[in-house]
There are 2 protein chains.
Amino acid sequence: MLNEDRPKEMSRRQFLTTVGKIGGSAALFSVMGTMGLLSPQTLKAAAFTPPGKSDLALTSRNGKKVVILGAGIAGLTAAYELGEAGYDCVILEARARSGGRIWSVRRGTTVTEIGAAKQVARFAPGLYLNAGPMRVPQFHVTMEYCRKFGIPVEPYNNVNDNAYFYGENIGALSGQKIRKRAAKADIRGYVAEMLAKAVDQKALDLPLTAEEKEKLVTYLKIEGDLNADLFYKGSSRGGYKEEPGGRLDAGVIRDPFDLKAILNTGFGNFFSSEYTYDQQMIMFHPVGGMDAISDAFEKRLGNRIKHHAEVKEIRQSDSGVRIVYTDLQTGQDQEVTGDYCICTIPLSVLKDIPADFSPAMSRAIRSTDYDSSGKIGLQFGRRFWEEDENIYGGSTLTNLDILGIFYPPTEYLSKKGILLGYYNYGPNADKLGNMTFQERENHALKQGAKIHPQYYKEFETSFSVNWKKIKYSLGGWASYTEEDRKTHYPLLCKPDRRIYLAGEHVSYLLGWIAGGIESARLVVTDIHQRVMKA
Amino acid sequence: MLNEDRPKEMSRRQFLTTVGKIGGSAALFSVMGTMGLLSPQTLKAAAFTPPGKSDLALTSRNGKKVVILGAGIAGLTAAYELGEAGYDCVILEARARSGGRIWSVRRGTTVTEIGAAKQVARFAPGLYLNAGPMRVPQFHVTMEYCRKFGIPVEPYNNVNDNAYFYGENIGALSGQKIRKRAAKADIRGYVAEMLAKAVDQKALDLPLTAEEKEKLVTYLKIEGDLNADLFYKGSSRGGYKEEPGGRLDAGVIRDPFDLKAILNTGFGNFFSSEYTYDQQMIMFHPVGGMDAISDAFEKRLGNRIKHHAEVKEIRQSDSGVRIVYTDLQTGQDQEVTGDYCICTIPLSVLKDIPADFSPAMSRAIRSTDYDSSGKIGLQFGRRFWEEDENIYGGSTLTNLDILGIFYPPTEYLSKKGILLGYYNYGPNADKLGNMTFQERENHALKQGAKIHPQYYKEFETSFSVNWKKIKYSLGGWASYTEEDRKTHYPLLCKPDRRIYLAGEHVSYLLGWIAGGIESARLVVTDIHQRVMKA
């Protein structure tokens, strides 16, 4: 209603658009900063200017046909953004579905891992397992497409202090499930006590004034819930042995663990998993399965996606590109030509496809490693983690080889549910991934039952995935050392004549949907600038 | 499918029920403990055995009519649980609605605060403000009723590292909005550095072995994101000045704040607000408004709730209770009699109602203080906190007198939204609560606009509540000192002949819905035992 600060006749968007038109993006960002709207995240989101239809109308030539390889998120984004601008795009996709590693497994979903038997999902109707990405940080560009396409999202609850830590061979607390809140309260309490006393007793040579030291001690008292004498004697943050309630139920705080015992568990080393940049609260996921995102793109792209098209050769000349593919429904080889190619095929797959890449590019492709990644969805007939243990979402972490149990962040309070019995990557994923489906199930149940004795009683069915053995993916995500980023990685970021690579592997957001989107948007901008210059 | 651990012929519930019948609750809890199902939370939930219909059938006498004063959560719970067992209950409720302080304000809701003009909510259809309780810890008994009644819930996102801290007169960082993640990373980083170095340099006399000290330093390195030399030099956890993205966008981590500057902000003292026991993730709220809970009870109680019934006198004798009330629709005084009375009227209101309490009980009632509590809902035409700043739920905290801004934890990505422009309690709530509605709105906008310059442009309408001035409530929640809990509080927990008090004020869960429920369940058990003995 009130609007004292800015011209009344102009909406914020109109205003910013006008500034952008007059002064370009530098002026725009400067004004946004003045308006308190600028952050590196919004800057990043604002930095992409989709090509406009009007731009293309200005060019008379034909160089606007783009062949896109792969209908994963990078291919879908590229086709959508180029298509909006009037480019003629076609996506070749080997699978019957779009999405790539965005894959929500439901009743009837089948998969045949390389060298393994066929697996059919027998989940109850309405339940799903996000076999690939399962969560979206609130500041990723992915959210922008959810907003644009009207995809309903719900919080992905990545933090739950009522879930457990569980360890074996960790000293006095081995084999006990310990609420996360208890480990956090005790470790942070003892650590705050150590430092607070040291500062208070002037045992440390700190570059702080007396007043600042007092502020530090005050902070540590609050952070660790220390008593007036700076001792940690337990805290309600760690939970109760008798819960507070009505009338005279005042509650009795649990006894803290012994300093040595809790330190020897190593649980403190797990804490930061919740506050790395891209795992911080709050995260989101689409209601009903991550593939709502790829479905929304697919709906807008329609028959521009050619499914069952397995790429066999990637050819280019000075005048265009030519892609040979097998139509898996007819078994016939076909080809499609275009002016440019955007190749989003994972490098683990691409390295074995004959292609006209420069020798340096070929080497870079072959030099890129992929991480293993594996998950098992376990369906239980009763959400015992909610009903018996008051755990709604989040994860239990353990030093067992299952690494963790992830509780379903959806359909709370309902009857059945699918939890992640493990979500592994690296060598551990290979170990479990090399088992048969039945062995994986047995193993996940056996290990998980140590934490949840209800497992065997309530278990119904499972579905597991080892991404290293999933055809057309052959890995969880690209993996680069710091050295790789300096040597062969930069080559992957440049077009090889008429072929552009996109995908999470051409980003610094490895394994994230946003990595695919951001790289695709850079390629779209690149191609559009080239076309406009031509 | 598999069930190796327990007898196959018996379900877990059957098994536990059998144990309970044979051995009583002590045996039951012992067995549950052995089965790994026992926690203080589940024990508390399991401790209430609702009275059964079959029990009552055994008694031939008539002493089963209970008059309940107040249709807040305590009254609703008592009426529901007693009603299920065949008791004849009536609730007298002065308001036209049930729920008490459970109050979801929507378009058309009106309120006249004491000494103020009438306020009408002009919110857009579908939007709401939870003027009273707005979140439920996952382990509270409240969740049990949500499950039982099929009330859909969604996460209440209480933690958001992308929201801000903002302070004035706090030194070098005054007047800057700082992402929570940045303050957390820097303060925790510097603190970890101080202790890690002290331990590493053996400056402290700690009761730890060399190996344990090494584990401590390892923890501190991870917890603070320290470098190999144990220095905190910033961390991606605190965010980026250039976001990582596609291709060569490696991201540039923000520069950490100076130790003194961030220490002087006092922001570290805010951290623990997220991890006190009852604020820890994950929390919930019913989809569409907290009053879904009171509505669900009301639906099951039907005409056993008498609305527009303002209690005037509470009388009792050796043989029963007699309540005089004014029917606010007719203006006529009426009375209702019963065997027992459960009085859930807030003590701030009860103290002025003529009642046959013992002198000691009357003194205890009059001695109980109530905290102020106030909220303002601000409706904005655009969810700029999401669109411009990537903040989805959670809160921004500040040393301004608004204390905080709470972003709506629902309907993410939609167009409009109602955020909490302030949520105050204590003296601060009085300050803002004593303003007129228009002054509150002006003040909330003026202060909030320091943090969100979009405020004035996007603001549409407000609705504010000062619970001290809301008739029939007269306060946010009961407040007891430790001394109070020893002196007059215990009296409130005992029946005064035939009158029993229930409500959050008769609990150790002050201000929580669960406090009302837990106290009501204890009263229900008490009355039932008395009836069964009679």
Side-chain angles (χ1 to χ4, degrees), chain A residues 1-5 12 35-37 40-41 44 138-139 147 153 155 157 159-162 195 198 203-204 212 215 219 222 236-237 240-248 250-251 263 268-269 272 275 277 280-282 388 390 392-393 412-413 453 456-457 459 493 506-509 518-519 522, chain B residues 1-5 12 35-37 40-41 44 138-139 147 153 155 157 159-162 195 198 203-204 212 215 219 222 236-237 240-251 263 268-269 272 275 277 280-282 388 390 392-393 412-413 453 456-457 459 493 506-508 518-519 522:
Chain A
M1 300 281 179
L2 296 167
N3 187 2
E4 302 173 339
D5 289 354
R12 177 185 144 279
M35 289 167 70
L37 301 176
Q41 297 166 357
K44 168 126 244 136
Q138 64 192 322
F139 50 80
R147 180 182 292 113
V153 299
N157 174 24
V159 176
N160 191 336
D161 285 314
N162 211 26
L195 186 58
L204 302 180
E212 286 162 352
K215 283 183 182 169
Y219 160 70
I222 297 173
S236 60
R237 294 176 197 164
Y240 289 82
K241 54 186 174 189
E242 289 173 30
E243 288 286 310
R247 288 187 164 181
L248 298 174
L263 197 57
N269 304 344
S272 65
Y275 44 82
Y277 184 57
Q280 289 163 353
M281 291 297 287
I282 177 77
D388 301 344
N390 299 319
Y392 296 79
Y412 304 101
L413 299 177
Y456 285 118
K457 171 77 185 113
F459 175 69
C493 302
V506 195
S507 82
Y508 276 83
L509 301 168
E518 296 278 9
S519 73
L522 289 173
Chain B
M1 301 273 180
L2 296 168
N3 186 2
E4 302 174 338
D5 289 352
R12 176 185 145 280
M35 290 167 70
L37 301 175
Q41 298 166 356
K44 168 126 245 135
Q138 64 192 322
F139 50 80
R147 180 183 292 112
V153 298
N157 174 23
V159 176
N160 191 337
D161 285 314
N162 211 26
L195 185 59
L204 302 179
E212 286 162 351
K215 283 183 182 169
Y219 160 70
I222 296 173
S236 60
R237 293 175 196 164
Y240 290 82
K241 53 185 174 190
E242 288 173 30
E243 288 287 309
R247 288 186 164 180
L248 298 175
D249 290 350
L263 198 57
N269 304 345
S272 64
Y275 44 83
Y277 183 56
Q280 289 164 354
M281 291 298 288
I282 178 76
D388 301 344
N390 299 319
Y392 296 79
Y412 304 102
L413 300 177
Y456 284 118
K457 171 76 186 116
F459 174 69
C493 301
V506 195
S507 82
Y508 277 83
E518 297 278 9
S519 73
L522 290 173

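These values consider heavy atoms only, across backbone and side chains, with no hydrogens, waters or symmetry-generated copies. Chain letters run A, B, ... following the sequence lines, proteins first, then strands; residues in each count from 1.
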Check: Which value, rounded to the nearest 0.5 Å, describes the distance between Asn269(B) atom CG and Ile222(A) atom CD1?
Finding: 3.5 Å
Checklist line | Closest non-hydrogen atom pair, Ser272(B) against Arg237(A) | finding: CB-NH2, 3.4 Å
Next item on the list: Give, for atom CD of Glu243(B) and atom CG of Leu509(A), the distance between the pair rounded to the nearest 0.5 Å.
Entry: 8.5 Å
Item checked: Heavy-atom pair count under 4.5 Å with chain A, highest-scoring of Gly245(B), Gly268(B), Ser507(B) -> Gly245(B)
Check: Ser519(B), Pro244(B), Ser236(B): which one forms the most heavy-atom pairs within less than 4.5 Å of chain A?
Finding: Pro244(B)
Notebook entry, point to check: Are side-chain heavy atoms of Tyr412(B) and Pro155(A) found at a separation under 4.5 Å?
Noted result: yes
Item checked: Residues which pass side chain to side chain contact (heavy atoms under 4.5 Å, CB included) with Ala203(B), listed by chain and number, not counting sequence neighbours -> Leu204(A), Ala198(B)
Check: Which residues pass the salt bridge (Lys or Arg N to Asp or Glu O under 4.0 Å) test with Glu242(A), sequence neighbours left out?
Finding: none
Note to self: To the nearest 0.5 Å, what is the distance between OH on Tyr240(A) and CZ on Phe139(B)?
What the structure shows: 8.5 Å
Check: Any side-chain heavy atom of Gln280(A) sitting closer than 4.5 Å to one from Asn162(B)?
Finding: no
Check: Closest heavy-atom contact between Val159(A) and Met281(B)?
Finding: O-CB, 3.5 Å
Check: Is the closest side-chain heavy-atom distance between Val153(B) and Leu413(A) below 4.5 Å?
Finding: yes
Check: Taking all non-hydrogen atoms of both residues, which atom of Gln138(A) and which atom of Asn160(B) are closest, and how far apart?
Finding: NE2-OD1, 2.6 Å
